[in-house]
Amino acid sequence: MDRRKFLKIFGCGTVATASVLTGCKSKTENSAVEEYKQQVEPPVGKMTYRTNPISGDKVSLLGYGMMRLPSKTENKDDYDQDMINRQVDYAIEHGVNYFDTSPVYCQGKSEGCTGIALSRHKRSEYFVATKLSNFHPSTQSREASIQMYRNSMKELQVDYIDYYLLHSVGGGTEEFNRRYIDNGILDFLMKEREAGRIRNLGFSFHGYKSVFDEILAMNDKYHWDFVQIELNYLDWDFANEINSRNVDASYLYNELQKYHIPAVIMEPLLGGRLANLPQYLATELKTRNPERSVASWAFRYAGTPQGVLTVLSGMTYMEHLKDNLLSYCPLQPLTKAEQQYLEHDVAERIVGLENIPCNDCKYCMPCPYGVDIPAIFIHYNKCKNEGLLPHDRGDKEYQEQRRAYLIGQDRKVPKLRQADHCIGCGQCEPHCPQNIHIPRELRKISDFVEALRQDTLTRPQETEAK
């Protein structure tokens, strides 16, 4: 089977059916996956690189985000170190040299897993990025923040960090000052950069435009070496429309260009949302280029601007890694016509879906009551996007869709971790980069699911995610 036939059948996860939603793949699909693994291999030695104009680093356009690591079992916290090692080895073999992690990723285990995998390679073969993730008040003192920084080096098994970030700034000036200025930690990090233990210092941004402008204006004092922003063809012009707190990627990118600061890109797929498009949109993209996956359009979009240093992707499975490598080994930049098509035609139709804007970043986790917030939202959005969301008992396909939704939810989310176990404590909400009203959306889904279980759903009760 050639790649064209594989993508037509399987679509790299972009076209879902009711059987897939319930966890039942056909023999044809399983066979296609196996043949893809065996026959579709990205080329070695073809990676596209970008040069950091400040440090001179030659960085792979594809960066490995270590926030969605593979697990051994259905227990998502039981990480498969052997598979992580194999995927990191494969990535480095194919030219990937930028690996991004954080002390809070994967329930605090990401840095350790990343350190084990990378330490098996020469230090000169990779750049490692991690963050000062001092979100909780107990970690915001000077002593606690320095301890977090030094523990990152220990977990990563390195004596210097290539790219160090102030993690997820943008919530407000008061918060920024409390985490980084008042405790003197930013002055400490600048001294660490002078000593060579930090090679590049920057920040990642989620939040208000005014805060972004204020922190960027500090460049005269702190000399930001890079900034990590969310950029994709939906957020380019519609981030603020989807959520008034968010800033359009076009503004963020263009402001960095004015300062000649390279951009590191996160969420090129919006947590997978731009890979799992509604079937009619996926088919449209596949018709335009049958040899490319739906996800590749988003990766080519994120990698085309010359001010982009690297594009991060959380690649849980080897298939994700291979497909992304095919997008950047080498990059085929988008034409202006293709950019306009994605930014306007496709993006406008996605905005009209009114999904819950969850990116599966897991910043809201762990929930103190065990609710698997991202999995609940992702299942709901997937069913809605594919036109498989039950609406009314009187609909012709209602019973089939009802069964598919409930079985699919039970397979993806254990019963004790479903939406009806949310008590509305709100501890998750301040951590959400997308500013989702999480308890409210969980309550809507809980009511929706209960109506499905009781078989009492009628159209006026339909759950709408705003």
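Since the structure is predicted, the reported quantities are computational estimates derived from the model, not experimental observations.
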Salt bridge check: are [X] and [Y] linked by an N-O gap of less than 4.0 Å?
{"X": "K191", "Y": "D187", "result": "no"}
{"X": "R123", "Y": "D162", "result": "yes"}
{"X": "E255", "Y": "K258", "result": "yes"}
{"X": "K131", "Y": "D100", "result": "yes"}
{"X": "K209", "Y": "D213", "result": "yes"}
{"X": "D225", "Y": "R199", "result": "no"}

For [X], check salt bridge (charged side-chain N to carboxylate O under 4.0 Å, His left out) against everything at least two apart and list the hits.
{"X": "D235", "result": "none"}
{"X": "K221", "result": "none"}
{"X": "D248", "result": "none"}
{"X": "D82", "result": "none"}

Is it the case that the side chains of [Y] and [X] hold a donor-acceptor pair, with the cut-off being a distance below 3.5 Å and no angle test?
{"X": "Y398", "Y": "D455", "value": "yes"}
{"X": "E214", "Y": "T173", "value": "yes"}
{"X": "Q401", "Y": "E397", "value": "yes"}
{"X": "S152", "Y": "E111", "value": "yes"}

Could you work out, with ring pair (Phe, Tyr, Trp, His ring centres under 6.0 Å) as the rule, every residue matching [X], not counting sequence neighbours?
{"X": "F176", "result": "Y180"}
{"X": "Y126", "result": "none"}
{"X": "Y259", "result": "none"}
{"X": "F188", "result": "Y149"}

Side chain proximity check, C432 to Y363, heavy atoms < 4.5 angstrom: no

Would a 4.5 Å heavy-atom cut-off, applied to side chains only, mark M66 and I84 as touching? yes

Close aromatic pair by centroid cut-off 6.0 Å: F205 and F212: yes

When the aromatic ring centroids of F203 and H167 are compared, is their separation below 6.0 Å? no

For [X], check side-chain hydrogen bond (donor to acceptor under 3.5 Å, both in side chains) against everything at least two apart and list the hits.
{"X": "H320", "result": "none"}
{"X": "S204", "result": "none"}
{"X": "Y163", "result": "N52, D57"}
{"X": "K415", "result": "D410"}

Sidechain-backbone polar pair: T310 side chain, V59 backbone, donor-acceptor under 3.5 Å: no

